[in-house]
Amino acid sequence: MPELPEVETIARSLRPVLVGKTVLAADLLWARTLSTPSPRAFKQRIVGQEILEVSRRAKYLRLRLSEDHLLMHLRMSGDLQMKPGRPDPQKHDRLILSLSGDCALVFNDTRKFGRVWLVRDPDQVVAHLGPEPLSNGFTARLFHEALGSRHRQLKPLLLDQTFLSGLGNIYTDEALHLARIHPQARSDSLDQDQVERLWEAIRAILQEGIRRNGSSIDWVYRGGEFQNYFRVYDRKGQPCPVCGAAIQRIVVGQRGTYICPDCQPRE
DNA sequence: CACGAGACCTGTTCGC
DNA sequence: TGCGAACAGGTCTCGT
């Protein structure tokens with residue numbers, strides 16, 4: 001589930017309960033969940049550190065600790081939950097951090113794609129990322145230049161985290177529909193008006209996603225409600241909310257992609 | 001550089 | 001009912 005709005009929602013909910021707590025123990029239940037350092041070094045280093053700050057960068061959750069930074073990426077099926085006491089490991093739990101205040105932070109991840117890093121410098125992990133779409137530095141002018149410097153299909157480029165960070169499959173489709181642009185349009189073919197529409201749409205869609213606490217789909221429920229407001233995503237055959245035409249599912253860059261054939265013509 | 005295929009994983013849904 | 005295929009919110013690496 002986790003794209004930018006979902007990770008932002010998690011960061012906001014965890015911040016007030018995590019800040020000020022100290023890590024008392026670390027239980028790693030699936031070794032590959034930990035990217036770095038080794039399990040032994042991880043436990044040794046993290047125990048005793050206090051959580052000073054909880055933030056988000058793109059789809060990464062960042063915990064600033066007394067000495068290190070703990071970064072987490074939920075990938076496709078990761079989930080983070082606070083539990084009281086010393087919870088027994090449940091199915092698909094991959095890492096449990098026991099905290100002061102008799103509670104625990106549990107990383108649960110069905111598909112095992114999620115990753116955790118404990119590093120001195122967070123740039124070791126997030127330096128390669130493109131701009132935050134909601135930051136002041138991400139201007140329409142900059143976006144225009146960046147799009148023009150490449151010759152790629154739009155959707156795969158928007159999903160490329162080194163180009164722009166935070167968008168995933170849902171919010172990209174939603175933004176492209178709002179901007180009325182076909183996902184396979186070439187990045188350097190957009191005119192000024194299209195670029196501005198897309199820039200505005202990306203920011204509006206992400207902000208709406210955050211306002212609605214993200215999307216909750218399938219067995220992973222987090223209390224978000226944006227899934228009730230999808231314009232096109234996962235709505236094959238249903239009417240476009242703008243023009244009523246039947247929404248189509250196509251494949252772009254190996255990802256399922258939803259479009260309105262009338263609102264998003266292929267030039 | 002752009003792009004597709006395959007890998008990494010488990011679970012659910014679809015189609016015959 | 002059964003059973004394999006297709007699909008799922010992400011990213012990485014390899015080959016063309």
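Lettering of chains follows the sequences in order, A, B, ..., and the numbering in each one begins at 1.
Side-chain N/O atoms of A:R32 include one lying less than 4.0 angstrom from OP1 or OP2 on B:dC9. Between A:R111 and C:dA8 there is no side-chain polar atom (N or O) within less than 4.0 angstrom of OP1 or OP2. Distances shown here put a side-chain N or O of A:H73 below 4.0 Å from the OP1 or OP2 atom of C:dT11. Here A:R186 does not reach the OP1 or OP2 of B:dC1: none of its side-chain N or O atoms lies under 4.0 Å away. Side-chain N/O atoms of A:R249 include one lying less than 4.0 angstrom from OP1 or OP2 on C:dA8. Taking side-chain N and O atoms only, A:R255 has no distance below 4.0 Å to OP1 or OP2 of C:dC7.
Among the atoms of the strands shown, only primed sugar atoms or phosphate atoms (P, OP1, OP2) are found under 4.0 Å from some heavy atom of A:R150.
Residue side chain A:F113 fails the stacking definition with respect to B:dC9, as its ring centre and the base's six-membered ring centre are not both under 5.5 angstrom apart and under 30 degrees in plane angle.
Taking the six-membered ring for Trp and thresholds of 30 and 60 degrees, A:F138 and A:W199 have ring planes inclined between 30 and 60 degrees apart.
In this structure, A:F230 has its ring center at least 6.0 angstrom away from the ring center of A:Y171.
Separating the C1' atom of B:dC3 from that of C:dG9 is a span of 22 Å, rounded to the nearest Å. Atom P of C:dA5 sits at a distance of 15 Å from the matching atom of B:dA7, rounded to the whole Å.
Between A:Q254 and A:H151, the residue anchored closer to the 5' end of DNA chain B is A:H151, taking for each the nucleotide with the nearest heavy atom.
Summarising the base pairing, C:dC7 is matched to B:dG11 through a Watson-Crick or G-U wobble pair whose two defining distances lie under 3.5 Å.
Of the candidates B:dG11, B:dG4, C:dG9, the closest approach to any side-chain atom of A:T110 belongs to B:dG11.
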* Could you walk me through whether A:R56 and A:E132 pass salt bridge (Lys or Arg N to Asp or Glu O under 4.0 Å), step by step? => CA-CA 10 Å; A:R56 175 192 63 75; A:E132 278 289 320; 3.0 Å; yes
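Shown here for A:L105 and A:M82, the closest heavy-atom pair between the two residues is CD1-SD, 3.8 Å.
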